[in-house]
Amino acid sequence: MALIGEAFISASVQVLCNRITSPEFVDLFRHKKLDEPLLMKLKTTLLTLYAVVDDAEEKQIKKPAVRDWLDEVKHAVFDAEDLLDEIDTEALRCKFEGEDQTGKFTNKVRNLLFSSRNHFYQSMNDKIQELLARLENFVQLKNALGLREDAGRKVSQRTPTTSLVHEPCVYGRDEVKENLSKVLLSDDASKDDVSVLTIVGMGGVGKTTLARLLYNDKKVKGHFTFQAWACVSEDYDAIRITKTLLESVTSKPCNMIDLNLLQVELREQLRGRKFLFVLDDLWNEDYTDLKFLQTPFMSGARGSKVIITTRNKNIASVMQNVPIQYLEPLSHEDCWLLLSKHAFGNENSSAHPNLEDIGKQIALKCKGLPLAAQTLGGLLRCNIDFEYWSRILNDNFWDQPYDTTNFLPALGLSYHYLPAQLIRCFAYCSIFPNDFEFEKEDIVQLGIAEGIIPQAENGKRMEALARRYFDELLSRSLFQKSRKFSFIMHDLINDLAMFMSQGFCLRLEGGVSREVKRARHLSYARGKFDAAPRFEPLYEAICLRTFLPTSLNPYRHERFFVSKKVLQDLLPSLRCLRVLSLSHYQNATELPDSIANLIHLRYLDLSHTAIERIRFRLWRFRCHLGIMSRRWIQNPNRCADEYMDGIEDFIEFARRHNPGATRIRCPCRRCNNTLFESIENVGFHLVRNGMIETYSIWNLHGEQVDHASSSNAPRVDNVEPIVDPNDQVMGIIQDAFPFASTNINQEGEDDVPTPIDSAEFEQYEKLLKNANQELYPGCESFSVLTAIVELMHGKIKYRMSNLCFDYFLGVFKRILPTDNCLPKDHKHAQKVLHGLGLGYEKIHACKNNCMLFYKEHETLDTCPICNESRFKMTSQNRTTKISQKVMRYLPLKPRLQRLYMSTHTATDMRWHKEKRVDDDVMRHPADGEAWKEFDRTFPEFAADPRNVRLGLATDGFNPYGVLNQHHSTWPIFVFPYNLPPWKCMKKEYMMMTVLITEDPGRSIDVYLRPLVDELKDLWTNGVRTFDKSTGRMFTLRAAVMWTVNDFPAYAMVSGWSTKGYMACPVCKEDVTSGWHAGKVCYLGHRRWLPWDHEWREKDKEFDGNTERRLRPREWSGDEILEQLNRLDFAPFGKTVSRTRPSTHLNWTHKPMFFELPYWSKLKLRHNLDVMHVEKNVFDTLVGTILDIEGKTKDTIKARLDLERMGIRRGLWMNRDSDKARRDLAFFSMKPNDKKEFLKFVSSVKFPDGFLHKYDARDGSLARRGIACWSCQLSLDVSNRKASRRAEKKCTQQGEARRINCRGLGSI
């Protein structure tokens, strides 16, 4: 750890001294009356230590005491950084809040505001004094250790340049490459169909480079059907490796996580095909694992090859069936050629004859390792000077033994001679695990947040300086370009960084290091569930600055979770944190308020979490919240600096993720990501036309998105976008044809594979043509398609008939220029829009509802049950037959798929799982026990929140009003419960699936047959669906959770008649019912109360009896299904006798829903529609209280029943001589009160369409009734407005009247 002490200390001391002398610091110390001389003394002490650190760096290799001294100094300097950063934050706060303007407040107010800070300022003096004492102790020890102030070392400096990235220079491998190429091109390299070539050699000898040369050879590429490359690494994961190979072979993303399924699919893809696989850097020696990994390869055609690179001969022996290729170190001459190539570039080494001899001696010390020669060449390239090269040749670092340092001395030298600021940047990268791919911008942002990047001079941005540092490390071969357009560190370079940073950079892998207490930077491999015990030792890491979870090639679909204890307890306790990442943790929904106390925090990564906003202020941080940094897209001012900077960021992003591409998709409003333009033209288009407002995730330009992540992208504050109608129409086309929106790379591979048939593509081209065609020459506002969509929208919105629409369409066509392209009538307009709509099927039905002419009965002409003809009798001259009855079936699958064709709706379809608050409050069906029981019973279905949960409802209505009193139309609707509660019941998301032209009665199951068949397929097989929010395909499954109906329709779908003495579908034969007032009434509801409820003992208030019975037994779905299977039901149809045996109880038929595999397992299968219940209750109460004839329940028969039962004597009939009279009940209004009440209600202003049938005359109310929605609003609004006046009037007429009027106002 002390090996890098000088670099860290020198870089840190420079920053600290600059900060101490800054105007903000000086002003704060003077204004708050802090000890300013103490601060200056701290600066002097730091400079004194800085002067001897150079000498300590040279002596610490041989003197352990100096190494320990340097180590302690480094930690003290780190503590000084934290202390001064805390003071710097306070200075920033004072500047922000204007606390230095003392004249702004009176003395009393100022004392009140500043009293809470006095303790802070006093503690600062104490902390500076304590730190100064530590540093002075180190100054005193320097003399005892013999450290001198005039010692120093020369480090390489170079003119700032851009990154120098060249193709790898390969020397000394021509013969090996030629021999292996012959093996690859031969189909008889081994006795097996699949030959395995193994390349064995020590680290840094060039195994991967050789494999890349073979992999990219033109002859080799042309010889194989498939090629795939997988980096295995030390973290052996068979699922990841197999998945990588499968995705490369199919050029499709794969969401499978089961190894068996992956291997089966890979085997089928390789069957009979010739392939070349490269398994790079294999470490696992387990024989079983290696042979199991090879299993799917065996289906390939003869001549297939697998190249394996490894350091372990035992692994090669297990895998190979071709002689092992041992890769020896380079010869001295080849090593010198490679080193000189990197040292002199394209310049010949003979141009520097004084350096050739010494250069060859340096090359000799590289011991034939290409990586060492390449890295040292990058170091020597910085200074073409004889003295500098001699110093490197004679450096003591060559004497470091490999077994103690765990890195090659040649690599250590390249590190040792880095400038101080680069050493700290490089060492920080040791927190990344082996084979971890990182992007340049990630390192830039992390370096700035950690304070590694100093304040830039000459007005330069810190980002520019950080990028320059990165390019320097890249040019010195310490970073390498990876094959995925990101960067990586070679294993040996990573080992070097780990050794140099040990003690302050820590990876939480397996056991926790004993140095965790003083660790400054921490990374760890993100687990599926990171429990609190894993992080228990970190409570001691009080100095920790970095908390960074990482993933090595994470699965796109995998979900990660972290313990709430980590979020609420551990993280707030790490007071020195500067970098905090919670990226990809799905259960992170909000940050605890205590995070606001992390005053050093500068970098907060909340991407791919459910956190939407931060409720508190963090003073100095860079927050990565995904799309929040792209709000410039919504800026209507396209000349603003924010917008222009955003375009530059987009262009840079597109170049970085599409290297070498000259044309990319243009995301402007006109091109709409459907046209390819040059990068320069794209920038021009974005300024002229603006970017698509909804394109905040740049997945078509290389941004990787998973369904958990984008679906959980934080919400941007609502901004009303100015949307061009043409953009909207193009969006509709993209939603309807998702294959047209996929990202096609340079090799023509489709990132979102969707099967495309010619008819579908032809329809897409027609729509695209109309979308791009001007309505008339010179019209820029409307295309042909946009105009038709706008007009059809108006037709539907304002309920225009076809004739009316044809008339106005003709008028518009005559108004427009003569060469306009507007269709002439509604029929032709529909043809243009045909590809955007969702169709339906006409299915013939038997006239008597016996059956459908469907599937196996599709060709029949008569019903096999009633022998009724399928067709009507028509004229013999008529060629077209007319069916007697037709049902319309609207297929469910395309309607469910369309839910995922909109980014916003697709995201909302996961709301029930990802954004719903689970706090035991019933706001959504997902909060109910039936939903949770379903999840427990079918965990596989519940695992993917995109699977659709449906409700089903049906009811009859008369669309013709009074024109046809006998007609009834029965639609069947389904509605998705995945959506939030404010959306799931909106008409936009209700889907009609079946339309029946008459009341089907119990034969509704006949018409449900196509729907049930489709629901079974959706449950068993699902349907492949494109998710617009993630840009990926997935298998969509669906299930009907329950039905929602009124009581008569309840009987039709449940199969249990809701009429007669056993009408209750819950109690069944154990129901309590009787004949009262000329009707069957259902009593005994008190049986459902708790056993000790007081109402059970009350008799007079109810039916005259106390209730001692237990609640009726509830039957499970499996028991009901078993009972139904024992019963024999008559066929469906009007002509079939409906006499029901007594053994059938109230069962009329076996519901077709029991064919669904999950139906009998549901906890709740049928629900009653609350609106119908509300209407019945409202009508009964209003009719009874107002004593409306025909509506009141207080009838003569009811009074006689009370008398017969011997209860409520006050309501018995009043008998005078031979006559019986029904007096006005105490709960009914008198005529004058009734008129006043109705007059008041008529005067109340309600929204249009509600309570429109109220009239001051109760006769009108009796004749016409009240609509359901009027009842619903009455129950709410009357509570607020009617209760006050009605109660005041009723108070004068006794307590009983007051109670009843209150009831009317608060129903």
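This structure is a prediction, so every number in the text was calculated from the model and none was measured.
- Side-chain N or O atoms of Ser883 include none that pairs as donor or acceptor with a backbone N or O of Phe871 at under 3.5 Å.
- Side-chain contact between Asn770 and Ile788 is absent, with no heavy atoms from C-beta onward closer than 4.5 Å.
- Of the residues Phe808, Tyr807, Phe805, the one that meets the ring-ring contact (aromatic ring centres under 6.0 Å, His included) test with His826 is Phe805.
- Each salt bridge (Lys or Arg N to Asp or Glu O under 4.0 Å) pair with one or both residues in residues 817-829, not counting sequence neighbours, would appear here, but there are none.
- Distance OH/Tyr840 to CE/Met992: 9.5 Å, rounded to 0.5 Å.
- No donor-acceptor pair under 3.5 Å is formed between the side chain of Arg949 and the backbone N or O of Tyr977.
- The NE2 atom of His912 lies 10.5 Å from the CZ atom of Arg946; values are rounded to the nearest 0.5 Å.
- Between Arg898 atom CZ and Met901 atom CE the span is 6.0 Å, to the nearest 0.5 Å.
- Rounding to the nearest 0.5 Å places CG of Asp955 at 5.0 Å from CH2 of Trp970.
- Within a 6.0 Å radius of CZ in Phe957, other residues, nucleotides and ligands contribute more than 12 heavy atoms.
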TODO: Go through Met991 and Leu899 one step at a time and tell me if the side-chain contact (heavy atoms from CB on, under 4.5 Å) criterion holds.
DONE: CA-CA 11 Å; Met991 308 172 196; Leu899 290 172; 3.5 Å; yes

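- Among residues two or more places apart in sequence or in another chain, the side-chain hydrogen bond (donor to acceptor under 3.5 Å, both in side chains) test is passed with Asn820 by Lys813.
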Open item on the list: Between Thr954 and Tyr1007, does the side-chain contact (heavy atoms from CB on, under 4.5 Å) criterion hold? Intermediate values first, please.
Closed with: CA-CA 12 Å; Thr954 184; Tyr1007 296 95; over 6 Å; no

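- Interatomic distance, Ile692 CD1 to Asn673 CG, rounded to the nearest 0.5 Å: 4.5 Å.
- Annotation: the span from Leu822 atom CG to Leu809 atom CG amounts to 4.5 Å, rounded to 0.5 Å.
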- [ ] For side-chain contact (heavy atoms from CB on, under 4.5 Å), just list the numbers for Asp1017 and Lys893, CA-CA rounded to whole Å, side-chain angles, deciding distance to a tenth of an Å, and then say yes or no.
- [x] CA-CA 10 Å; Asp1017 187 56; Lys893 289 179 182 177; 2.3 Å; yes

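- Checking side-chain atoms of Thr1025 against main-chain N and O of Val1023 turns up a donor-acceptor pair under 3.5 Å.
- A donor-acceptor contact closer than 3.5 angstrom is absent between the side chains of Lys913 and Asn978.
- Side-chain contact between Met985 and Met990 is present, with at least one heavy-atom pair separated by less than 4.5 Å.
- Partners of Glu841 under the salt bridge (Lys or Arg N to Asp or Glu O under 4.0 Å) rule, at least two apart in sequence or in another chain, do not exist in this structure.
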Task: Met887 vs Val994, side-chain contact (heavy atoms from CB on, under 4.5 Å): CA-CA, chis, key distance, verdict - done: CA-CA 7 Å; Met887 69 162 277; Val994 177; 3.6 Å; yes

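- A distance-only check finds no donor-acceptor pair linking the side chain of Glu1014 to the backbone of Pro891 [under 3.5 Å].
- Applying the salt bridge (Lys or Arg N to Asp or Glu O under 4.0 Å) test to every pair with at least one member in residues 982-999, sequence neighbours left out, gives these pairs: Lys885-Glu998, Asp908-Lys983, Glu998-Lys1134.
- When side chains are defined from C-beta on, Phe684 does not count as touching Glu677, because their heavy atoms never get closer than 4.5 Å.
- Judged by distance alone, the side chain of Gln897 and the main-chain N or O of Arg1024 form a donor-acceptor pair under 3.5 Å.
- Looking only at distances, no side-chain donor or acceptor of Arg665 sits under 3.5 Å from a matching main-chain atom of Phe676.
- The stretch residues 887-911 participates, sequence neighbours left out, in these ring pair (Phe, Tyr, Trp, His ring centres under 6.0 Å) pairs: Tyr900-Phe1034, Trp911-His924, Trp911-Trp982.
- In this structure Tyr989 satisfies the side-chain hydrogen bond (donor to acceptor under 3.5 Å, both in side chains) test with no other residue, sequence neighbours excluded.
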